[in-house]
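Here's the structure we're looking at; comments come further down.
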Amino acid sequence: MKTSYRYDRGSIEPLERGEGFLRARVKIARDGVFPYVYPDGKVYREAKLADELFSNLTINSAKGVPVTDGHPPVTDSKGLVTPQNASKYVKGSLGDSIVVEDGHICGTETVFDAALIDKLERGESVEVSIGFKTDIDDTPGEY
């Protein structure tokens, strides 16, 4: 198996504002087959299987993760937040209550950054995008 980095999209819905912060409900992942563009420009379809995606390991890995305003550049830690670059990119945090609802991994994030709160409240930011490291199994199949 090879290790690769993925950046997937989900939805975000602002819930409430209080104490200067914004809480929003996010759907961060779902099972299915998704297209990914490889460095050679080719598009490959990869399956995210429900039994792996909705496992305790995956759900626990989402707890408390940083929220950013866009991904860090790929030139900075492969586009992921690390302890070395967190002060530049972190704008909030996903909470510890991560659940599976309607076929999605969902949670509530708290946004601390005024500029990102403004974008969310104006409807300029309507998607979330998670970045993660994964092992790719090239076994062909049908889903």
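All values below come from the heavy atoms of this structure, side chains included, with hydrogens, waters and symmetry mates left out. In this text the structure is predicted, and so the values were computed from the model without any measurement.
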Restricting to side chain to side chain contact (heavy atoms under 4.5 Å, CB included), what partner residues turn up for Val37, sequence neighbours left out? Val43

Grab the two heavy atoms, one from Ser125 and one from Leu120, that are nearest each other, plus how far apart they are. O-CD2, 3.5 Å

Any ring-ring contact (aromatic ring centres under 6.0 Å, His included) involving residues 25-53? Give me the pairs, sequence neighbours left out, ordered by first then second residue. Tyr38-Tyr44

Residue pair Asp96 / Gly64: nearest heavy atoms and the distance that separates them: OD1-N, 3.6 Å

Can you list everything that forms a side chain to side chain contact (heavy atoms under 4.5 Å, CB included) with Asn85? Sequence neighbours excluded, please. Asp76, Ser77, Val81, Thr82, Lys88, Tyr89

Residue list, side chain to side chain contact (heavy atoms under 4.5 Å, CB included) with Asp138, at least two apart or on another chain: Lys2, Ile136

Residues 110-130 vs ring-ring contact (aromatic ring centres under 6.0 Å, His included), sequence neighbours excluded, gives Phe21-Phe112

Does the Ser4 side chain pair with the main chain of Thr134, one donor and one acceptor, at a distance under 3.5 Å? no

Residues in side chain to side chain contact (heavy atoms under 4.5 Å, CB included) contact with Asp113, at least two apart in sequence or another chain: Lys91, Ala115, Leu116

side-chain hydrogen bond (donor to acceptor under 3.5 Å, both in side chains) partners for Asp135, two or more places apart: Thr3

Side-chain donor-acceptor pairs under 3.5 Å in residues 10-20, sequence neighbours left out?
{"unit_1": "Glu16", "atom_1": "OE2", "unit_2": "Arg23", "atom_2": "NE", "d": "2.6"}
{"unit_1": "Arg17", "atom_1": "NH1", "unit_2": "Glu121", "atom_2": "OE1", "d": "2.9"}
{"unit_1": "Arg17", "atom_1": "NH1", "unit_2": "Glu121", "atom_2": "OE2", "d": "3.2"}

All pairs passing salt bridge (charged side-chain N to carboxylate O under 4.0 Å, His left out) where residues 48-64 contributes a residue, at least two apart: Asp8-Lys48

Nearest heavy-atom pair of Arg30 and Gly103: which atoms, and what distance? CB-O, 3.3 Å

So do Lys119 and Ile117 actually touch side chain to side chain, heavy atoms under 4.5 Å? no

So Ser55 and Thr58, side-chain hydrogen bond (donor to acceptor under 3.5 Å, both in side chains) or not? Walk me through it. CA-CA 5 Å; Ser55 71; Thr58 301; 3.3 Å; yes

What one should report as the nearest heavy-atom pair of Phe54 and Ile59 is O-CD1, 3.7 Å

Quick check: do Val90 and Val67 have side-chain heavy atoms less than 4.5 Å from each other? no

Please identify each residue that fulfils salt bridge (Lys or Arg N to Asp or Glu O under 4.0 Å) with Asp137, with sequence neighbours left out. none

List for me each residue that meets salt bridge (Lys or Arg N to Asp or Glu O under 4.0 Å) alongside Glu101, sequence neighbours excluded, and say none if there are none. Arg25

Pairs meeting criterion ring-ring contact (aromatic ring centres under 6.0 Å, His included) with involvement of residues 58-78, two or more places apart: Tyr7-His71

Taking side chain as C-beta onward, heavy atoms only, is Ile98 less than 4.5 Å from Ile105? yes

Search all heavy atoms of Leu94 against all heavy atoms of Gly107 and return the closest pair with its distance. CD1-C, 4.2 Å

